[in-house]
Amino acid sequence: MTDGSGTDESRSDSDPGQTGTSDTHEDGMDENSKQEQLDEVRETPDGETLTTDHGVEVSDTDNSLKAGERGPTIMEDFHFREKMTQFDHESIPERVVHARGTGVHGYFQPYEDPDLGEYDDLEELTKANVLTDPDQKTPVFVRFSTVVGSRGSPDTVRDVRGFATKFYTTEGNWDLVGNNIPVFFIQDAMEFPDLVHAIKPEPDDGTPQASAAHDTFWDFASLKPEITHMIMWVLSGRALPRAYRMMQGFGVHTFRLVNEDGDSTFVKFHWTPKYDTSQLVWDETQKIAGKNPDFNRMDLYDVLEEGYEPEFELGVQIFDEEQAEAFDFDVLDPTKIVPESEVPVRPIGKMTLNETPDNFFAEVEQVAFHPGNVVPGIDFSNDPLLQGRLFSYQDTQLNRFNSANWDEIPINRPVAERHNNQRAGFMRQEINEGKVSYKPNSIGDDDPQEAPAEEGGYDHYAEKIDGEKIRNRSESFQNHFDQARLFWNSMTEPEKGNIVDAAHFELGKVDRTEIRERMVYDLFNNVDHEFAKRVAEGIGVEPPEEPGDEMPTHDREDSRLSIEQRRDADSIETRKIAVLVDDGYDGDHLETIQSTLQDEGARVKLVSKVLGDKEAENGSTVAADKSHVTTESVLFDAVYVPGGDHVDALLEQGTARHFVAETFKHKKPIAAVGDGTELLEAVELPGVDVANEREGVVSDQGVVMDPDGEDLESAAEAFVDAIARHRHWERDPTEVPA
């Protein structure tokens, strides 16, 4: 594994910031025990002799054993049979959902004395050491994923993103299995098979792949008003994350924290990225899918291998039974959030991602999550979707691995010791000694013993339950449009425009008029009348004349729901910047801006028509990182054009002009100095005056220009500020470069 720099120093004892330190806690557990456990099964074949699976050295692995040079293959060829059998059986069933994903290692550490308002510290709320001990670094493995598509689908589709974290705690594994959207499509797990069947490729022709834009999904959605809130999130930029390191994560459900006295409070879990929450735009995602369908996966690995360590802050919303009863929604309803305006998110710790996997299949594909994997101090609520997942995930792993022993695979195995009476089954890896595999027993002194709750044994919260067996849904689950309207009200105007455009695309691909009409009249018109009319006008539906009967009248909003309003634009660390160069570039222009960007933590890549060394006017050279044919503006966060004689060549390159025009279209920052502004002038950026007679540094709608090229430091500073904003939505969406 690498620590981000391509070395194995991540497991050395010299860096206290890595999971690889060898500090031992009072309970005797080594914080690096997960890595040591993986080291036991890790193999590096460099310089070794090729053998069969049984250790027999192989003399020839290219030719099967035959009866003569042109004769039939002889089946006594044990090496051929073993090699081919392994190949034929090396696949496991694909995940039904979340098939397309990637994973990385890291660690989690609680903050010292987290501020929890009325509570002195977190130990008042939970006995979970993983959340309360600031001296403990807990190894984690995080898997990010799309939901709908197959394992071979693109990364950048419009979809929810999975955000699943496996904590290898000293008390056992805790799996926080969440998404990058805090609510869900349905309220009861009984509906989950129908949801997935509807959104998956249609069964008669197997299309479309990794897309919700088809009749069966919107037919289902139009008949399920509870889905409305989730649809608003999916149509927004939340479903098009710029990068895995730039999206929030949520536990979705309401859980419980339980303290040593058995007292319980409700909790919602939130992950907040260090690198801010940012989105792609729809046109970008389509082009990225063709240019680099592995965009998000490769981006995450590239960032780690270049030495960066993405971080996520874990926060909690804490509320008790009395507060829950006072809300105008049901906290057990997974289609609802607890607004941060009502219950602020309290930061309690930080997760650092710092190591890529060594083997994608063994770690990313074989990692298996289960929301029922909790530790003492964390318990469940009666959320009916969560309750169903507690069955479904275990059942799913039995299907994928064809064994109940999936938890013995190294990536799934806890660092905490395991002692139980399971002894057999397919894929068993432990070798248990002794005669006893039952309880109670006298032969083995009745071992292994139960651990009383006061000594660390898991003890469920003693919730009093009294009711009749019924198939029904609580009346408190019936308010389907209030929070959908809250979400719409909280968006900026550009974000609202993106939601409308997304609805036009999604519903525009629905053939059946009655489905489109139901979405407009029965769902969207009960969220916001103007929203419904704007959608209707783009999909061939007569706009509704009056608001829906169930449309809430409130105008509440919460800026924390908006990507743009919650942004803290003060860093460009890990942003990827393209510099267009060719022979004859100005060396000072390149070096000054490039060094400033790199000092700010950005990743600068030189892009030219062809690969190879490019010579500056002063005779120095640089090597191009990418060529026009292998890259595209959609793979970068901004573009810079230095001055110099090379601009004459760039002006003749349609691909260079297109690079700038497309960057502008996607509302990303652009900078040019000296003669480089001539390329911007040739592209004719709408609404931006790039005339060379302008003096000094000018920043206009995220386009930074220094025509004289005499104030490079100011130009660099303005460019950094423009990049930090990420998107410049003030550009007129109706005007794009020709």
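Under a 3.5 Å cut-off, the side chain of T631 and the backbone N or O of H628 do not form any donor-acceptor pair. For the pair Q317 (side chain) and V343 (backbone), a donor-acceptor distance under 3.5 Å is present. Under a 3.5 Å cut-off, the side chain of S490 and the backbone N or O of D558 do form a donor-acceptor pair. Side-chain atoms of R143 come within 3.5 Å of backbone N or O of H98 as a donor-acceptor pair. For the pair H589 (side chain) and G643 (backbone), a donor-acceptor distance under 3.5 Å is present. Side chain of H646 to backbone of P642: a donor-acceptor contact under 3.5 angstrom is found. The main-chain N or O of Y244 is never found under 3.5 Å from a side-chain atom of R161 such that the two would form a donor-acceptor pair. Side-chain atoms of R731 do not come within 3.5 Å of backbone N or O of K665 as any donor-acceptor pair. A donor-acceptor pair under 3.5 Å is absent between the side-chain atoms of S714 and the main chain of D711, judged by distance alone. At least one donor-acceptor pair under 3.5 Å links the side chain of T156 to the backbone N or O of T285.
Under the 3.5 Å distance criterion, with hydrogens and angles disregarded, a donor-acceptor pair is assigned to the side chains of E313 and Y111. One side chain, E662 or S633, offers a donor N or O that lies under 3.5 Å from an acceptor on the other. A donor-acceptor pair shorter than 3.5 Å can be found between the side chains of Y301 and T102. Q248 and H270 form no side-chain donor-acceptor contact under 3.5 Å, judged by distance and modelled atom types alone. With hydrogens and angles left out, the side-chain atoms of S620 and N618 include a donor and acceptor closer than 3.5 Å. Donor-acceptor pairing under 3.5 Å is recorded for the side chains of T574 and R245.
A salt bridge links E730 to R725: at least one charged side-chain nitrogen sits closer than 4.0 Å to a carboxylate oxygen. Salt-bridge formation is detected for the pair K605/E306: a Lys NZ or Arg NE/NH1/NH2 atom is positioned less than 4.0 Å from an Asp or Glu carboxylate oxygen. Comment: D302 does not engage R297 in a salt bridge, judged by the lack of any side-chain N to carboxylate O separation of less than 4.0 angstrom. Salt-bridge annotation for R727 and E284: present, with a side-chain N of the basic residue lying under 4.0 Å from a carboxylate O of the acidic one. Salt bridge status for D159 with R100: absent, with no side-chain N to carboxylate O gap under 4.0 Å.
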Salt bridge (Lys or Arg N to Asp or Glu O under 4.0 Å) between R346 and E340: does it pass, once the steps are laid out?
CA-CA 10 Å; R346 310 279 187 170; E340 294 183 42; over 6 Å; no

Step-by-step side-chain contact (heavy atoms from CB on, under 4.5 Å) determination, H105 to L353
CA-CA 6 Å; H105 293 271; L353 306 181; over 6 Å; no

Dump the intermediate steps for side-chain contact (heavy atoms from CB on, under 4.5 Å) on W271 and N180, then the final yes or no.
CA-CA 9 Å; W271 290 113; N180 75 321; over 6 Å; no

Working for salt bridge (Lys or Arg N to Asp or Glu O under 4.0 Å), residues K668 and D637:
CA-CA 6 Å; K668 294 186 289 193; D637 294 300; over 6 Å; no

Stepwise side-chain contact (heavy atoms from CB on, under 4.5 Å) test for T165 and M351
CA-CA 10 Å; T165 308; M351 177 172 67; 3.9 Å; yes

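Atom NZ of K291 has more than 12 heavy atoms from other residues, nucleotides or ligands within 6.0 Å. Within 6.0 Å of atom CD in Q598, more than 12 heavy atoms from other residues, nucleotides or ligands are found, so the atom counts as buried in its surroundings. More than 12 heavy-atom neighbours from other residues, nucleotides or ligands sit within 6.0 angstrom of CD on E342. Atom NZ of K626 has 12 or fewer heavy atoms from other residues, nucleotides or ligands within 6.0 Å. Residue K287 qualifies as enclosed at atom NZ: its count of foreign heavy atoms under 6.0 Å is above 12.
In this structure, the side-chain hydrogen bond (donor to acceptor under 3.5 Å, both in side chains) partners of E495, at least two apart in sequence or on a different chain, are T492, S562. Contacts of W729 classified as ring pair (Phe, Tyr, Trp, His ring centres under 6.0 Å), with partners at least two apart in sequence or in another chain: none. With sequence neighbours left out, the salt bridge (Lys or Arg N to Asp or Glu O under 4.0 Å) criterion links R485 to D528, D555. The side chain to side chain contact (heavy atoms under 4.5 Å, CB included) check on T596 picks up A716, V720, with sequence neighbours excluded.
Taking all atoms of both residues into account, the shortest heavy-atom contact from A715 to V704 is O-CG1, 3.7 Å. When all heavy atoms are compared, the tightest approach of G315 to V345 is CA-CG1, 3.7 Å. Contact between P707 and G696 at its shortest, heavy atoms only, is CD-O, 3.6 Å. Across A724 and R567, no two heavy atoms sit closer than the pair O-NH2, 2.7 Å.
Residues W233 and L561 form a side-chain contact, since some pair of their non-hydrogen atoms from C-beta on lies under 4.5 Å apart. Between V673 and D708, every side-chain heavy-atom pair lies at or beyond the 4.5 Å cut-off.
For residues 568-593, the pairs satisfying salt bridge (Lys or Arg N to Asp or Glu O under 4.0 Å) are K274-E573, with sequence neighbours left out.
Between atom CD of residue E557 and atom CG of residue L486 there is a gap of 8.5 Å, rounded to the nearest 0.5 Å. Here the straight-line distance linking atom CD of E355 with atom CD of E305 works out to 12.0 Å at 0.5 Å rounding. Distance check: L314 CG to Q109 CD gives 13.0 Å after rounding to the nearest 0.5 Å. Taken from CZ in R238 to CD1 in I181, the straight-line distance is 8.0 Å, to the nearest 0.5 Å. With values rounded to the nearest 0.5 angstrom, N296 atom CG is found 8.0 Å from M247 atom CE. Rounded to the nearest 0.5 Å, atoms OG (S236) and NZ (K496) are 13.5 Å apart.
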Pairs of donor and acceptor atoms involving the side chains of residues 499-507, under 3.5 Å and at least two apart or interchain, shall be tabulated with distances.
from: H504; atom 1: NE2; to: R534; atom 2: O; distance (Å): 2.9
from: H504; atom 1: NE2; to: V535; atom 2: O; distance (Å): 3.4
from: E506; atom 1: OE1; to: A213; atom 2: N; distance (Å): 3.2
from: E506; atom 1: OE1; to: W218; atom 2: NE1; distance (Å): 3.4

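In this pair, F144 and F312 present their aromatic rings tilted. The plane angle is within the 30 to 60° band. Note: F659 and F636 have tilted aromatic rings, judged against thresholds of 30 and 60 degrees for the angle between ring planes. Relative orientation of the F487 and H229 rings is perpendicular, given thresholds of 30° and 60° on the angle between their planes.
Among L304, N354, V104, T352, the one residue that satisfies the side-chain contact (heavy atoms from CB on, under 4.5 Å) test with P310 is L304.
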